[in-house]
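Numbered from 1 within each chain, the chains take letters A, B, ... in sequence-line order.
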There are 2 protein chains.
Amino acid sequence: MDRIAGKAHTKHYQKGAFLFRSQEKDDALYIVNRGKVRIYRLSDSGKEQLVRILNPGDFTGEWTLFNPDAVHEEYAEATRDTSVCMIQQHDVQEFLKEYPAISLKLLGEMSQRLEKSARQTAQVAVESVITRLVLFLAENVEPEMGNSPTITLPMAKKDIASYLGTTPETISRKFGELENEGLIQQLSGKRIKIQDLDDLLLYSE
Amino acid sequence: MDRIAGKAHTKHYQKGAFLFRSQEKDDALYIVNRGKVRIYRLSDSGKEQLVRILNPGDFTGEWTLFNPDAVHEEYAEATRDTSVCMIQQHDVQEFLKEYPAISLKLLGEMSQRLEKSARQTAQVAVESVITRLVLFLAENVEPEMGNSPTITLPMAKKDIASYLGTTPETISRKFGELENEGLIQQLSGKRIKIQDLDDLLLYSE
DNA sequence: GACTTTTCTTGATGAGAGTCAATTTTTTTG
DNA sequence: CAAAAAAATTGACTCTCATCAAGAAAAGTC
């Protein structure tokens, strides 16, 4: 373990700085220590699609890691002051050869991410916006509480819009619709009260 | 290598048979030997979204492999007579521990698939159908030829529709549109002639 | 706390794409 | 090769959602 620790660098990024940009050559693995990082893509026409948000403990960069020659197409932007642990491709490969069990862990993580991505593709492709929003809310309820939970949106509404492949205007209207139907209540800030989770899920058809 | 060969079973599926269905407990890795397999998902409302098509050499089942307890949400259907090599979760894990280099290969494959999935999500989310179709065609040109290539559609148009998150009717219309614009010619069967690849790509805005 | 900036909301309008239905073409099968 | 099944096409209609614009609210900054 010390071997790899010796190869890792800690880097700090201010809010708004990029860990990497699309098309840039880069072959490091980034593990977030502190802060928050948005991973997104840009279409030809300049519209962005949020891929995911990295919180402490999350990592990115596995693409270039195992496909060193190819360019990647994502942007990684620190949305607040962030520190990351950065390990070069070569060192990671060495490390994985030495500790095969880690590869299995990594494969597990990757397959989860793949599953999530496939699910998101399917949702964006075939579900209406209201359904996507409901499913998004359902995925983000804190598991603790019962059937009438209060949730905290994990990102700004404009980011939810981007993540769900729609616009802030539409998201705003859909939240309004859910509130009119008595299914949710928008409390202050990012807090949302769900009246009845089952009812909410039933609404998405 | 013999160790794993001993653990593998060969199974045959007739056209229309399922290797597995959504929600079914299953923890095997499937490697396609011969034939063709459609991997797809169903929305609540019953609409399907094609995730990918497996040809000989391709594999699936990695999800349950590394997340044995979770249920998967995909359907794997043989679209012609198919034979697969099937290996149980436990045996794969043993095998990977014994040959760590394979894990690295697998990680490479998974990260490519993840990249492709993310790209597809982004496209379905923010691009118009005509743009998605053009990008799909561009991705499927055989690399050999110059700027006026002939391509063979890798799947039925209805599957392209499903893959691109739209309907057969719309795909049919968009192909017609491209043909009217003089950008492509639909030859017999699944063969398409592209007049000028650059022009085609420029059209997608 | 006042100012600036970003995010969110609301309205009006239009276009892209889905749905339903009927026909034609292609592919499959015995 | 003929019959059956599946896939593709075309037309008419509808509707969800994006866009543009303008104002309100919230968050961040000095």
Side-chain angles (χ1 to χ4, degrees), chain A residues 14-16 36 38 43 45-50 77-81 123-134 152-180 184 186-192 203-205, chain B residues 14-16 35-36 38 43 45-50 53 77-81 123-134 152-180 184 186-192 203-205:
Chain A
Q14 295 203 321
K15 175 179 171 177
K36 200 168 248 196
R38 284 165 37 105
S43 72
S45 45
K47 273 182 282 190
E48 76 166 52
Q49 206 271 324
L50 185 70
E77 177 188 6
T79 57
R80 58 183 62 168
D81 288 7
Q123 283 180 10
V124 174
V126 305
E127 309 285 11
S128 66
V129 171
I130 193 79
T131 300
R132 283 179 260 163
L133 179 56
V134 165
T152 303
L153 298 180
M155 47 179 108
K157 286 186 184 169
K158 77 171 174 58
D159 285 331
I160 297 178
S162 171
Y163 184 72
L164 297 181
T166 182
T167 61
E169 293 96 322
T170 297
I171 283 295
S172 183
R173 291 185 174 105
K174 299 303 177 184
F175 266 114
E177 185 180 332
L178 292 178
E179 195 155 23
N180 283 340
I184 67 168
Q186 303 197 56
L187 311 176
S188 71
K190 300 204 188 312
R191 297 203 64 74
I192 304 261
Y203 187 67
S204 61
E205 279 167 12
Chain B
Q14 294 203 322
K15 175 178 171 177
K36 200 167 247 197
R38 286 165 37 110
S43 72
S45 44
K47 272 182 282 189
E48 76 166 51
Q49 206 271 325
L50 183 71
I53 285 186
E77 178 187 6
T79 57
R80 59 183 62 168
D81 288 9
Q123 283 181 10
V124 174
V126 306
E127 309 285 10
S128 66
V129 170
I130 193 80
T131 299
R132 281 179 260 161
L133 179 56
V134 165
T152 303
L153 298 180
M155 48 178 108
K157 287 186 184 169
K158 77 172 175 56
D159 286 331
I160 297 178
S162 173
Y163 184 72
L164 298 181
T166 181
T167 61
E169 294 96 322
T170 297
I171 282 296
S172 183
R173 291 183 176 108
K174 298 303 177 185
F175 267 113
E177 185 180 332
L178 292 178
E179 195 155 23
N180 284 340
I184 66 169
Q186 303 197 58
L187 311 176
S188 72
K190 300 207 186 314
R191 298 203 63 74
I192 303 260
Y203 188 67
S204 62
E205 275 165 15

_Counting C-beta onward and ignoring hydrogens, is there a side-chain heavy-atom pair between B/Phe175 and B/Leu153 closer than 4.5 Å?_
yes
Nearest-Å distance, [atom1] ([X]) to [atom2] ([N])?
X: A/Leu153; N: D/dA27; atom1: CG; atom2: P; result: 12 Å
X: A/Ile171; N: D/dT19; atom1: CD1; atom2: C1'; result: 16 Å
X: A/Gln186; N: D/dA25; atom1: CD; atom2: C1'; result: 13 Å
X: B/Glu127; N: C/dA17; atom1: CD; atom2: C1'; result: 16 Å
X: B/Glu77; N: D/dA6; atom1: CD; atom2: C1'; result: 13 Å
X: B/Lys174; N: D/dT10; atom1: NZ; atom2: C1'; result: 14 Å
X: B/Leu50; N: D/dA7; atom1: CG; atom2: C1'; result: 15 Å
X: B/Phe175; N: C/dA17; atom1: CZ; atom2: P; result: 15 Å

Using atom types as modelled and distance alone, determine if a side-chain donor or acceptor of [X] lies under 3.5 Å from a backbone N or O of [Y].
X: A/Ser162; Y: A/Leu50; answer: yes
X: A/Thr79; Y: A/Arg38; answer: no
X: B/Gln49; Y: B/Tyr163; answer: yes
X: B/Glu179; Y: B/Gln186; answer: yes
X: B/Asp81; Y: B/Lys15; answer: yes

*Those residues of residues 155-165 of chain B lying under 4.0 Å from DNA chain C by at least one heavy atom*: B/Gly165
Closest heavy-atom pair and its distance - [X], [Y]:
X: B/Ala156; Y: B/Lys190; value: CA-NZ, 3.8 Å
X: B/Leu133; Y: B/Ile171; value: CD1-CD1, 4.4 Å
X: A/Ala161; Y: A/Pro168; value: CB-N, 3.6 Å

Rounded distance [0.5 Å steps], [atom1] in [X] versus [atom2] in [Y]:
X: B/Lys47; Y: B/Thr167; atom1: NZ; atom2: OG1; answer: 9.5 Å
X: B/Lys157; Y: B/Thr170; atom1: NZ; atom2: OG1; answer: 13.5 Å
X: A/Glu48; Y: A/Asp159; atom1: CD; atom2: CG; answer: 7.0 Å

_Using C1' atoms of five pairs at each end, report the bend of the helix from C/dT9-D/dA22 to C/dG30-D/dC1 rounded to 10 degrees._
60°
*Can you tell me if the side-chain N/O atoms of B/Thr167 get under 4.0 Å from OP1 or OP2 in C/dG18?*
yes
*A/Lys47 vs D/dA18: side-chain N/O to OP1/OP2 distance below 4.0 Å*: no
_Closest to side chain of B/Ser128, choosing from D/dT9, C/dT9, C/dA17_ = C/dA17
*Of the candidate nucleotides C/dA17, D/dA18, D/dT9, which contains the atom at the shortest distance from the side chain of A/Thr170?*
D/dA18
*Let me have a per-nucleotide readout for nucleotides 20-30 of chain C, 5' to 3', with B, S or -, counting only protein heavy atoms under 4.0 Å.*
B------S-S-
